[in-house]
Enquirer: 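Below you will find the structure I want to go over with you.
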Amino acid sequence: MTYVVTEACIKCKYTDCVEVCPVDCFYEGENMLVIHPDECIDCGVCEPECPAEAIIPDTEAGADRWVEMNAKYAADWPNITQKIDAMPGADDVAEEEGKFDKYFSEKPGAGS
């Protein structure tokens with residue numbers, strides 16, 4: 001089992017999860033984070049830290065799409081190992097539905 005980041009992270013990019021990850025398996029896109037599935041040790045400490053509840057185990061129903069997506073972008077985006085400020089307006093869109101189709105960006109973030 002591994003954990004994956006879902007569309008709830010898009011336009012929020014809270015990094016509380018990054019701060020607690022013991023293996024630095026988070027990667028930063030322009031407007032969301034992903035988890036590298038081959039680096040995640042399945043400890044689960046990140047899941048309760050996410051204010052947007054964007055992190056789920058890969059065994060959860062509907063997670064298949066996110067496993068593929070996380071693996072793809074973890075290979076292209078820079079590693080992020082330090083907490084940064086959430087995106088402006090993150091609290092306003094945290095519970096919005098359909099964010100992937102509306103806002104997802106393939107561009108990499110800055111990393112750390």
Side-chain angles (χ1 to χ4, degrees):
M1 181 175 82
T2 188
Y3 286 83
V4 293
V5 180
T6 65
E7 75 178 328
C9 184
I10 297 171
K11 289 193 75 174
C12 291
K13 207 161 68 170
Y14 300 107
T15 54
D16 305 67
C17 53
V18 170
E19 188 172 52
V20 299
C21 181
V23 294
D24 298 332
C25 66
F26 283 88
Y27 290 79
E28 183 185 11
E30 179 179 43
N31 66 0
M32 78 173 291
L33 304 174
V34 294
I35 294 172
H36 194 301
D38 295 334
E39 295 175 3
C40 177
I41 60 170
D42 312 324
C43 67
V45 297
C46 60
E47 186 181 22
E49 296 299 318
C50 180
E53 298 181 358
I55 300 171
I56 62 170
D58 68 352
T59 54
E60 193 167 301
D64 292 347
R65 168 186 183 194
W66 301 110
V67 172
E68 276 184 39
M69 188 266 195
N70 277 242
K72 176 180 179 179
Y73 291 102
D76 295 336
W77 291 348
N79 189 237
I80 181 169
T81 60
Q82 298 175 0
K83 184 174 178 169
I84 60 172
D85 291 336
M87 296 187 75
D91 293 337
D92 298 330
V93 296
E95 295 183 25
E96 188 175 332
E97 300 275 328
K99 293 197 296 183
F100 188 84
D101 292 331
K102 291 181 200 174
Y103 308 121
F104 177 71
S105 170
E106 293 184 350
K107 294 178 184 175
S112 64

Enquirer: Is the backbone N or O of P78 less than 3.5 Å from a side-chain atom of E28, with the two atoms forming a donor-acceptor pair by type?
Expert: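 Such a contact is absent between E28 side chain and P78 backbone.
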Enquirer: Do D91 and Y14 pass the side chain to side chain contact (heavy atoms under 4.5 Å, CB included) test, and can you show the C-alpha distance, the side-chain angles, and the key distance before you say yes or no?
Expert: CA-CA 10 Å; D91 293 337; Y14 300 107; 2.5 Å; yes
Enquirer: Show the nearest heavy-atom pair for residues N31 and Y103, with the distance to one decimal.
Expert: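 Closest approach of N31 to Y103: ND2-O, 2.7 Å.
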Enquirer: Treating Ile, Leu, Val, Met, Phe, Trp and Tyr as nodes and any side-chain heavy-atom pair under 4.5 angstrom as an edge, say whether I55 and F104 lie in one connected cluster.
Expert: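 Looking at the clustering, F104 is in the same group as I55.
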Enquirer: Under 4.5 Å between side-chain heavy atoms, hopping through other hydrophobics if needed: is there a path connecting V5 to V67?
Expert: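 Same hydrophobic cluster.
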Enquirer: Cluster question for you: counting only ILVMFWY and a side-chain heavy-atom cut-off of under 4.5 Å, with indirect links fine, are V18 and I56 together?
Expert: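 The answer is yes; both residues are in one hydrophobic cluster.
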Enquirer: May I ask you to decide if the ring planes of H36 and Y27 are parallel, tilted or perpendicular, using 30° and 60° as cut-offs?
Expert: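 Rings of H36 and Y27: tilted, 30 to 60°.
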Enquirer: With heavy-atom distances below 4.5 Å as the criterion, would you say the side chains of P37 and D58 are in contact?
Expert: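 P37 vs D58: side chains apart.
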Enquirer: Tell me whether K13 contacts the main-chain N or O of G29 through its side chain, where contact means a donor paired with an acceptor under 3.5 Å.
Expert: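 Yes.
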Enquirer: Before giving the answer on side-chain hydrogen bond (donor to acceptor under 3.5 Å, both in side chains), spell out for S112 and Q82 the whole-Å C-alpha distance, their side-chain angles and the decisive distance to 0.1 Å.
Expert: CA-CA 6 Å; S112 64; Q82 298 175 0; 4.8 Å; no
Enquirer: Heavy atoms only: give me the nearest I35-C40 pair and the separation to one decimal.
Expert: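 Here I35 and C40 meet closest at CG2-CB, 3.8 Å.
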Enquirer: Within the side chain of N79, is there an N or O that forms a donor-acceptor pair under 3.5 Å with the backbone of F26?
Expert: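 Yes; judged by distance alone, with no hydrogens or angles, the pair exists.
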Enquirer: Say whether, by atom type as modelled, one donor and one acceptor occur between the side chain of K83 and the main chain of T15 under 3.5 angstrom.
Expert: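 Not a single qualifying donor-acceptor pair exists.
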Enquirer: Judged by atom type as modelled, is there a donor-acceptor pair below 3.5 Å linking the side chain of W77 to the main-chain atoms of E106?
Expert: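 Yes; judged by distance alone, with no hydrogens or angles, the pair exists.
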Enquirer: Starting at SG of C9, measure out to CE of M32 and round the result to the nearest 0.5 Å.
Expert: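 Result: 5.0 Å between the selected atoms.
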Enquirer: Salt bridge check, K11 against E96: does any charged N sit closer than 4.0 Å to a carboxylate O?
Expert: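 Looking at E96 and K11, the cut-off is not met.
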Enquirer: So how far is it from D92 CG to C12 SG, rounded to the nearest 0.5 Å?
Expert: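 The distance works out to 9.0 Å.
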Enquirer: Rounded to the nearest 0.5 Å, how far does SG of C17 lie from CD of E47?
Expert: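 Taking CD in E47 and SG in C17, the distance rounds to 11.5 Å.
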Enquirer: If we only count heavy atoms from C-beta on, is the D76 to P108 side-chain gap below 4.5 Å?
Expert: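 Answer no - side chains too far apart.
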Enquirer: Look at the side chain of E7 and the backbone N and O of F100, then say whether any donor-acceptor pair between them is shorter than 3.5 Å.
Expert: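 A pair under 3.5 Å: yes.
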Enquirer: Under 4.5 Å between side-chain heavy atoms, counting indirect links through other Ile/Leu/Val/Met/Phe/Trp/Tyr residues: same cluster for V34 and M87 or not?
Expert: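 In one cluster: no.
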Enquirer: What's the spacing between N70 CG and D38 CG if we round to 0.5 Å?
Expert: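 Those atoms lie 11.5 Å apart.
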